[in-house]
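The structure under discussion appears below in the form of structure tokens.
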Amino acid sequence: MPEGHTIHRLAADHDLVFGGRPLRVSSPQGKFSDGAALVDGLVLESAEAHGKHLFLGFGPSGWVHIHLGLFGKYGFGDAPAPPATETVRLRLINDEAYADLRGPTTCALITDGEKQAIHDRLGPDPLRARDTGEKAWQRISKSRTTIAALLMDQKVIAGVGNVYRAEVLFRHGIDPYRLGKDLTRAEWDAVWADLVELMREGVRLGRIDTVRPEHTPEAMGRPPRVDDHGGEVYVYRRAHQPCHICGGEIRTAGLAARNLFWCPGCQKP
DNA sequence: AGCTCATGGCGAG
DNA sequence: TCGCCCTGAGCTG
């Protein structure tokens, strides 16, 4: 289950494992059979990520556009591939490896123009080397929407999901209900820079770790702990537990159909 | 076996 | 704001 770091990692893995060589493409489940047939046997020329969107490039034949949604999952493995189960939407195979995709929101063959339209509607991505937080700031600084909602809006900033949202706001002591227009430029610059760093680390480690060294359980003299989503965090899914820093109770609330987590003690309005 | 929930996003009203 | 789509894990019974 993905935020932007997962998708950038997947793009790199595709390049490494399948890039520059022909590969077999199929859709055991059948829902992508037509698209798969059109690129089967072609060379994978490039793999790109923008926010939570993944693009597999097959030259003039176009791009396989993948969005994992909430449930989508990739499984990579060494050849030979096991028999595909009925939920495998997309299977890639070469002599050494296979990759299975299950449960994506999107898996479709698109043109260069359609791909460009997706880039155009996405905000800057902290994991794209040429992107900066400037365009995001232009929208945030004029917006009467809460910063918590803005961080989840992929048109404002691409790649941030529910975990990074909660964690980066905590790390900067920003109350999630503050309005975009009430953030200072310095606050936004610090948040953007932090996302760049945190998400790069997320790509490297393959999980979301946001707890600073001085706040780890060891440093704080507490028993070791890994949160049930695989990384170490301050507030995400820690409702009603004590804050690692102030000891106050972590709070949760629904916001735009998602669960928001924050520490009222550390994140003042 | 059936329910709930999950790191997303879309379109209808 | 709500319902809906995609899948699987972790409960409950």
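Here is how names work: the chains are called A, B, and so on, in the same order as the sequence lines, proteins then strands, and each is numbered from 1.
Phosphate proximity of B/dG9 to A/Thr106: absent, as no side-chain N or O sits under 4.0 Å from OP1 or OP2. Contact between the side-chain N/O atoms of A/Tyr236 and the OP1/OP2 oxygens of B/dT7 is found at a separation under 4.0 Å. The phosphate of B/dT7 has OP1 or OP2 within less than 4.0 Å of a side-chain N or O from A/Arg258. Remark: A/Arg102 is not in phosphate contact with C/dC6, judged by side-chain N or O atoms under 4.0 Å from OP1 or OP2.
A 4.5 Å side-chain heavy-atom check between A/Ile208 and A/Glu3 finds at least one atom pair inside the cut-off. Looking only at side-chain heavy atoms (C-beta outward), A/Gln241 and A/Glu249 stay at 4.5 Å or farther from each other.
Nearest nucleotide to the A/Asn162 side chain, out of B/dC10, B/dT7, B/dG9: B/dT7.
A/Arg121 comes within 4.0 angstrom of sugar-phosphate atoms only, judged by non-hydrogen atoms across all strands, and of no base. Base contact: A/Thr105 has a heavy atom under 4.0 Å from a base atom. Counting non-hydrogen atoms under 4.0 angstrom, A/Lys52 reaches the backbone sugars and phosphates but no base. Using a 4.0 Å heavy-atom cutoff across all strands shown, A/Lys155 reaches no nucleic acid atom at all. A/Gln29 comes within contact range of the sugar-phosphate backbone alone, with a heavy-atom separation under 4.0 Å but no base atom that close.
Regarding A/Leu68, its CG atom lies at a distance of 10 Å from the P atom of B/dG9, rounded to whole Å. At whole-Å resolution of the value, CG in A/Asn259 and P in B/dC5 are 9 Å apart. Atom pair A/Arg165:CZ and B/dT7:P shows a separation of 9 Å (rounding to whole Å applied). Note: CG (A/Leu70) to P (B/dA6) measures 9 Å, nearest angstrom. Distance NE2 (A/His67) to P (B/dG11): 13 Å, rounded to an integer number of Å. The distance between atom CD of A/Glu86 and atom P of C/dT7, rounded to the nearest whole Å, is 9 Å. A straight line from NE2 of A/His65 to P of B/dG8 spans 15 Å, rounded to a whole angstrom. In this structure, A/Lys31 atom NZ and C/dC5 atom P are separated by 10 Å, rounded to whole Å.
Rounded to the nearest Å, the gap between the P atom of C/dC5 and that of B/dG13 is 15 Å. The gap from the P atom of B/dC5 to that of C/dG13 amounts to 14 Å, rounded to the nearest Å. Comparing the P positions of C/dC6 and B/dA1 gives an interatomic distance of 22 Å, to the nearest angstrom.
Residues passing the salt bridge (Lys or Arg N to Asp or Glu O under 4.0 Å) test with A/Arg237, sequence neighbours excluded: none.
An aromatic stack links A/Phe71 and the base of C/dT7, using centre distance under 5.5 Å and interplanar angle under 30°.
Between A/Phe261 and A/Tyr236, the ring planes are perpendicular. Angles over 60° get that label, and only those under 30° would be called parallel.
No donor-acceptor pair closer than 3.5 Å links the side chain of A/Glu214 to the backbone N or O of A/Ala219.
For the residue pair A/His244 and A/His215, no side-chain donor N or O sits within less than 3.5 Å of a side-chain acceptor on the partner.
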